[in-house]
Amino acid sequence: MKEEGRRLKAEGAGPALRPSAPEWMGPARFPARASEPAFILHPSSFILHPFHPSSFFLPAMRTSVKAALHAEAPLDSILLQGWVRTRRDSKTFSFLEVNDGSCLKGIQVIADAALPDYAHIHQATTGASIEVRGQLVASKGQGQKWEVVASSFKILGEAPADYPLQKKGHTLEFLREIAHLRPRSNLFGAVFRVRSRLAYAIHQFFQDRGFVYVHAPIITASDCEGAGEMFRVTTIDPAQPPRGKDGAVDHTQDFFGKPTYLTVSGQLEAEVFACALSNCYTFGPTFRAENSNTSRHAAEFWMIEPEIAFCDLRGNMDLAEEFVKYLIRDVRTHCAEDVEFFSKFVDKELNARLDFVLEKPFQRVTYDEAVEILLQSGRSFEFPVVAGQNLQAEHERYLTEEHFKSPTTVYNYPKAIKPFYMRTNEDGRTVAAMDVLVPGIGEIIGGSQREERLEVLQENIRHHGMAEKDYWWYLDLRRYGSVPHAGFGLGFERMLMFVTGVGNIRDAIPFARTPGTAEF
RNA sequence: UCCUGAGUAGCUCAGUGGUAGAGCGGUCGGCUGUUAACCGAUUGGUCGUAGGUUCGAAUCCUACCUCAGGAGCCA
């Protein structure tokens, strides 16, 4: 409420915020005077560039639908800009529902047939963009507190009869085919508002705890980070590549003088910074060229990778648990209306599952114990439980959903099935790895304590058939002032799926990249 | 990549060998402080593509394409 009050105030015609016409038209967006704030970008003002020519000469103090719906008192003068969701005509007036994406709900606008603009009301079809001036008054009807009685309206952009979005529900598959329009739907508007908030919460969580945000490179030359197929980055003409004497493509003539790829992980770079700034995190896009066709995999996705110096696996597990709970709590607090929508129309179990993760302490169990539990369960799994091998998705689901009925962290995995950088335990047989499992999704976090002992790491690299010289800088971290450190990776879209109940990763990212698909 | 399922009107689907349907949407008209409004009329399809079987194929067969669900890989 407090926030809304501030916003409404900011939207009033305060002197600092009153634009004159020329300022709107361009130059003022890059203020000449350093002392003058770029008001057009002021976060609390919600002012948008009024793109309709005639708006330049009007007091362009736009009120967001969200602010209008949360108003505490009627307003004599209000300007709304948004898209028509639906129109219901009466003989003497029309109801318009206008939504601008600021929140889930639209606001009801009453357009009287006596208005001079009323001749154009038939253009206010579903999907049309519109500008409405009028008064915010208490609604005479049921179902909403406030409504806007229009004194004038203007159709900014028509939406002809072939506008694909109808008032009724569409399948997610259809909406994926119109990814450029689906943010205008209730569901995707909500998903992407939550996505934005979730990203903010991630930064807030780490920044509040003194973590330093590191931008890991997107182009990398290390081709064996141990996380699957990579996309090549090259400026070589594929039709006529330069070739060496042996006929192979000569990568010394490529842009970077060597083969390069899109990153599959920022972890190794994050370790560099953890070994200097102690606590840091990366949050950026990652790319996997795997031919994965599932609801949980995308070729391009965002990942959060904290890396903590002077930290062991236990501290890592503590942080992961606190992190997941923090994000759920934050989204619930700040996106309550959207989460309510998801729990009603997307996943009826959503609230129960979020409560479940919030309230229960995460169960911690070693890999060996987990295998024992699975073997003793008496359950017949599609894939048998074999000690020393990876747990299957069905095994992980059994542990978290049925056995523990709680989020579960499995740790100390067999060394043989984990990457080279994970720290070898005292038993010499297992590594200090951990997977956090949650109901519905399975593995949401994977992490480990890193091997900080130079000789052991060198041995691991050799054992994995990798070349030490390719990791000279990574090994240097162990040569000079090595410290115990640990970290984990959280798939951003998977976390978003978890808090929204959305079942397909293609619906948790604005423009999904999956095998064979990069249309938008 | 493997397994399973599905492609019929703008959308969601029915139609299992004999003249291609419904609801929604769109359009036109009516009615109503309406709320995914309501009522009437109307519009709309090379049945995913290419072959094949048959007197006749949306329907049966083959291949391919696309999409979805599951698996593997993983986040």
Side-chain angles (χ1 to χ4, degrees), chain A residues 85-97 105-112 122 125-127 137-144 147 149 159-178 185-186 225-229 264-267 283-305 320 345 381-383 389-397 417-419 435-438 441-447 488-498 503-509 514-517 519:
Chain A
R85 281 295 176 80
T86 177
R87 187 182 89 232
R88 295 177 288 273
D89 292 326
S90 175
K91 187 164 277 179
T92 55
F93 56 92
S94 293
F95 297 104
L96 298 171
E97 190 187 326
K105 289 199 175 76
I107 192 164
Q108 177 159 289
V109 173
I110 318 300
D112 195 276
H122 67 278
T125 55
T126 300
V137 302
S139 176
K140 283 191 228 166
Q142 303 294 309
Q144 62 276 314
E147 62 189 19
V149 177
D162 57 357
Y163 181 65
L165 285 172
Q166 300 177 7
K167 293 175 215 175
K168 294 210 169 191
H170 289 290
T171 60
L172 296 173
E173 290 82 3
F174 173 67
L175 290 169
R176 274 172 219 149
E177 293 169 11
I178 49 168
S185 66
N186 284 334
E225 289 175 11
E229 293 294 310
V264 294
S265 164
Q267 181 200 312
F283 182 10
T286 36
F287 308 88
R288 305 272 168 93
E290 300 285 353
N291 191 9
S292 294
N293 291 288
T294 83
S295 55
R296 300 179 310 285
H297 291 84
E300 177 183 302
F301 63 98
W302 286 59
M303 190 155 61
I304 300 99
E305 295 177 290
F345 295 104
F381 296 102
E382 191 188 340
F383 294 90
Q389 290 189 10
N390 264 316
L391 300 179
Q392 301 285 323
E394 57 173 341
H395 303 152
E396 295 180 340
R397 275 200 300 273
I417 57 171
K418 288 294 182 181
D435 283 352
V436 177
L437 314 176
V438 292
I441 285 213
E443 181 187 339
I444 196 165
I445 280 178
F488 60 81
L490 170 77
F492 182 57
E493 285 77 15
R494 287 197 184 167
M495 188 66 203
L496 185 58
M497 289 166 73
F498 187 74
N504 193 311
I505 198 167
R506 299 173 184 94
D507 301 326
I509 191 163
T514 50
T517 306
E519 176 70 19

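The shown structure was predicted, so the numbers you read here are calculated from the model rather than taken from an experiment.
Nucleotide B/U1 forms a pair with B/A71, judged by Watson-Crick or G-U wobble geometry with both contacts under 3.5 Å. B/G40 is paired with B/C28 under the criterion used here, namely a Watson-Crick or G-U wobble arrangement in which both key atom distances are under 3.5 Å. Across the strands present, B/A6 finds its partner in B/U66; the criterion is a Watson-Crick or G-U wobble pair with both atom distances under 3.5 angstrom. Figure legend. B/U46 is base-paired to no nucleotide; pairs are counted as Watson-Crick or G-U wobble with both atom distances under 3.5 Å. A 3.5 Å limit on both hydrogen-bonding distances identifies B/G52 as the Watson-Crick or G-U partner of B/C60. B/C13 is paired with B/G21 under the criterion used here, namely a Watson-Crick or G-U wobble arrangement in which both key atom distances are under 3.5 Å. Across all strands shown, nothing is found opposite B/U35 as a Watson-Crick or G-U wobble partner with both distances under 3.5 Å.
B/G21 and B/U43: their P atoms are spaced 13 Å apart (whole Å). On the P atoms, B/C60 is 9 Å away from B/G17, given to the nearest whole Å. The separation of B/G29 from B/C65, taken at their C1' atoms, amounts to 45 Å, rounded to a whole angstrom. The separation of B/G48 from B/G33, taken at their P atoms, amounts to 47 Å, rounded to a whole angstrom. Nucleotides B/U16 and B/A57 are separated by 11 Å at their C1' atoms, to the nearest Å. Separation of the P atoms belonging to B/G72 and B/U62 is 29 Å when rounded to the nearest angstrom. The gap from the C1' atom of B/A9 to that of B/C47 amounts to 10 Å, rounded to the nearest Å. Between B/G52 and B/G10, the two C1' atoms lie 33 Å apart (nearest whole Å).
Applying the 4.0 Å criterion to OP1 and OP2 of B/A68, one finds that A/Arg506 has a side-chain N or O inside that range. Between A/Ser295 and the phosphate of B/A68, there is no side-chain N or O to OP1/OP2 separation shorter than 4.0 Å. Distances shorter than 4.0 Å separate some side-chain N or O of A/Asn504 from OP1 or OP2 on B/G69. Within the 4.0 Å cut-off from OP1 or OP2 of B/C24, not a single side-chain nitrogen or oxygen of A/Lys167 is found. Here A/Arg87 does not reach the OP1 or OP2 of B/U34: none of its side-chain N or O atoms lies under 4.0 Å away. Contact check, A/Arg88 against B/A37: a side-chain N or O comes under 4.0 Å of OP1 or OP2.
Across the interface with RNA chain B, nearest-nucleotide mapping of A/Gly503 and A/Phe301 shows A/Gly503 to be the residue nearer the 5′ end. Mapped onto RNA chain B by nearest heavy atom, A/Thr86 and A/Glu147 fall at different nucleotides, with A/Glu147 at the one closer to the 5' end.
Rounding to whole angstrom units, CZ of residue A/Arg296 and P of B/C74 are separated by 12 Å. Atom-to-atom, CG of A/Leu391 to P of B/A71 comes out at 14 Å; the value is rounded to the nearest Å. Protein atom CD of A/Gln392 is 13 Å distant from nucleotide atom C1' of B/C74, rounded to whole Å. In this structure, A/Lys91 atom NZ and B/U34 atom P are separated by 16 Å, rounded to whole Å. Counting to the nearest Å, the P atom of B/G26 and the CG atom of A/Leu165 are 12 Å from each other. Atoms CD (A/Glu519) and P (B/U66) sit 13 Å apart, rounded to a whole Å. Straight-line distance from the CZ atom of A/Arg85 to the P atom of B/U35: 18 Å, rounded to whole Å. As a whole-Å value, the separation of A/Ile110 CD1 from B/A37 C1' is 14 Å.
For A/Arg176, the side chain to side chain donor-acceptor pair (under 3.5 Å) partners two or more places apart in sequence, or in a different chain, are A/Asp507. The ring-ring contact (aromatic ring centres under 6.0 Å, His included) test applied to A/Phe345 returns A/Phe341, not counting sequence neighbours. Legend: residues meeting side chain to side chain contact (heavy atoms under 4.5 Å, CB included) with A/Ala393, ordered by chain and number and at least two apart, are A/Arg397. Contacts of A/Phe283 classified as ring-ring contact (aromatic ring centres under 6.0 Å, His included), with partners at least two apart in sequence or in another chain: A/His203, A/Trp302, A/Phe492. A search for ring-ring contact (aromatic ring centres under 6.0 Å, His included) contacts involving A/Phe174 returns A/His170, not counting sequence neighbours.
A donor-acceptor contact under 3.5 Å is not formed by the side chain of A/Ser292 with the base of B/C74.
As judged by a 4.0 angstrom heavy-atom cut-off over every strand, A/Gln144 is placed among the base-contacting residues. Nucleic acid contact for A/Glu396: none, since no nucleic acid atom lies under 4.0 Å from a heavy atom of the residue. Across all strands shown, A/Glu382 has no heavy atoms under 4.0 Å from either base or sugar-phosphate atoms. Nucleic acid contact class of A/Asn291 (heavy atoms, under 4.0 Å, all strands): base. Among the atoms of the strands shown, only primed sugar atoms or phosphate atoms (P, OP1, OP2) are found under 4.0 Å from some heavy atom of A/Thr517. Residue-level contact check: A/Gln108 touches the bases, meaning some heavy atom is under 4.0 Å from a base atom. Base contact: A/Ala298 has a heavy atom under 4.0 Å from a base atom. Among the atoms of the strands shown, only primed sugar atoms or phosphate atoms (P, OP1, OP2) are found under 4.0 Å from some heavy atom of A/Phe383. Within 4.0 Å of A/Gly446, counting heavy atoms only, lies no atom of the nucleic acid at all.
In plain terms, the two heavy atoms of A/Met303 and A/Ser265 that are nearest each other are CE-CA, 4.0 Å.
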List every contact pair, protein side and nucleotides 11-14 of chain B side both N or O, where the distance is under 3.5 Å.
{"residue": "B/C11", "atom": "O2'", "partner": "A/His170", "partner atom": "ND1", "Å": "3.4"}
{"residue": "B/U12", "atom": "OP1", "partner": "A/Thr171", "partner atom": "OG1", "Å": "2.8"}

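Of the candidates B/A71, B/G69, B/G33, B/G33 carries the atom nearest the A/Ser139 side chain, counting heavy atoms from C-beta on.
Looking at A/Phe498 and A/Val438, their side chains come closer than 4.5 Å, going by heavy atoms from C-beta outward.
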